[in-house]
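The first residue in the sequence is number 1, and the count goes up from there.
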Amino acid sequence: MRYLLNFAYDGSTFNGYQTQLSHDTIQDKIQDALKILLKENIIIYASGRTDKGVHALNQYAHFDYSSQIADVNKFLYSLNALVSPNIFFKSCKEVSSSFHARFNALSKTYVYIVNYEKYDVFAKNNAFFYHYSLDFHKLNEALNLFLGKHNFKNFTAKEEDENNFVRTIFRVEIKQIKDNLIALIFEGEGFMRYMVRTLVMNVLEVASNRLEISEIQKRLDHEENLPSNYKAPSLGLYLFDVKY
């Protein structure tokens, strides 16, 4: 039987999502809990991995189990009791044996939280404090450069890509959460390593008049190697949702 888990996590206490020898990753903690609960060696396959310090509000992963889970609510209760308090399982449902959490994903939405200009002590662990004031007209102008289908070779740390670094971004948005706290929203078919964090830092630097928008324009859709040196820290980044 194949099952799909929906869960959230605070990534600040883990060494990233993907399993490592240190066993201090989100995947390892979940698999350890599943092994205890289901009495089998369970491997989970997520919609994608997140880097060290990155959070998720809605991550998805599927796994195969030799039997049927009789009581899903009891299973979720037990799983949450076993796993780290920084991981929380929201749902579990049976899916087709052909379903894959990564390859069946239609789009992913990432949100980046920025505390700008005035420091908010209550946001220190889950938002990036950017010291400068922001020109929201310039911020919106820079963000909109990324809409649509583009070559993002110069906005990722990935060295090789089977799709020639081309990705489509369906939506970009700015939401004011409260005074001096905003969310930058990116929805796309997929994102490469450090891509969202690099896009975020570039638009912030433009909006604070520390970078010319032409610096983004000359790197976007260019095959030549002109990597951006700007990258926002991981603590402000959240995998917000995955659409199937």
Side-chain angles (χ1 to χ4, degrees), residues 1-11 16-19 25-27 30-31 34 42-51 54-65 69 72 76 87-113 140 142-158 160-175 183-200 202-203 220-221 232 234 236-244:
M1 310 296 292
R2 182 160 292 185
Y3 291 90
L4 179 65
L5 291 167
N6 172 215
F7 54 101
Y9 50 82
D10 177 348
Y17 173 82
Q18 191 172 32
T19 186
T25 70
I26 295 151
Q27 183 179 2
I30 294 173
Q31 290 177 170
L34 286 170
I42 302 291
I43 305 297
I44 61 172
Y45 300 88
S47 68
R49 66 184 185 184
T50 53
D51 293 316
V54 177
H55 318 291
L57 296 176
N58 288 288
Q59 173 67 285
Y60 293 85
H62 78 262
F63 68 91
D64 292 328
Y65 177 46
I69 298 173
V72 170
L76 285 171
I87 302 172
F88 180 75
F89 293 93
K90 299 179 177 183
S91 68
C92 176
K93 67 178 182 179
E94 189 177 334
V95 292
S96 164
S97 61
S98 63
F99 178 87
H100 197 288
R102 177 186 173 191
F103 299 124
N104 285 107
L106 301 176
S107 74
K108 294 179 183 178
T109 300
Y110 281 90
V111 172
Y112 196 94
I113 307 298
N140 192 59
L143 270 176
N144 278 295
L145 289 175
F146 302 125
L147 267 177
K149 190 174 185 178
H150 296 284
N151 185 316
F152 290 96
K153 178 179 180 178
N154 292 309
F155 297 91
T156 176
K158 197 174 184 183
E160 295 181 353
D161 184 66
E162 62 276 11
N163 296 312
N164 198 33
F165 303 98
V166 174
R167 298 291 187 277
T168 302
I169 294 182
F170 308 129
R171 176 171 66 109
V172 292
E173 192 176 347
I174 307 165
K175 281 194 175 180
L184 302 180
I185 303 167
F186 301 82
E187 181 182 1
E189 62 179 351
F191 298 88
M192 294 172 284
R193 191 178 188 197
Y194 300 152
M195 179 175 160
V196 176
R197 290 163 60 187
T198 303
L199 300 184
V200 164
N202 272 266
V203 300
L220 189 63
D221 291 315
S234 60
L237 183 59
Y238 297 75
L239 173 58
F240 183 77
D241 206 3
V242 182
K243 288 182 181 177
Y244 291 101

Do you know which of T156, D51, N202 makes side-chain contact (heavy atoms from CB on, under 4.5 Å) with R197?
D51

Using a 4.5 Å cut-off on heavy atoms from C-beta on, say whether the side chain of [Y] contacts that of [X].
X    : Y    : answer
V111 : L184 : no
N163 : E189 : no
Q27  : I44  : yes
Y65  : L34  : no
K90  : N58  : yes
T109 : F186 : no
L57  : H55  : no
Y110 : L239 : yes

Over 60° means perpendicular and under 30° means parallel, so classify the ring planes of H100 and F103, tilted if in between.
tilted

Check F7, Y45, Y3 against F63 for a ring-ring contact (aromatic ring centres under 6.0 Å, His included) and give me the one that passes.
Y3

Kindly determine whether Q18 and T25 satisfy side chain to side chain donor-acceptor pair (under 3.5 Å), including the steps that lead there.
CA-CA 6 Å; Q18 191 172 32; T25 70; over 6 Å; no

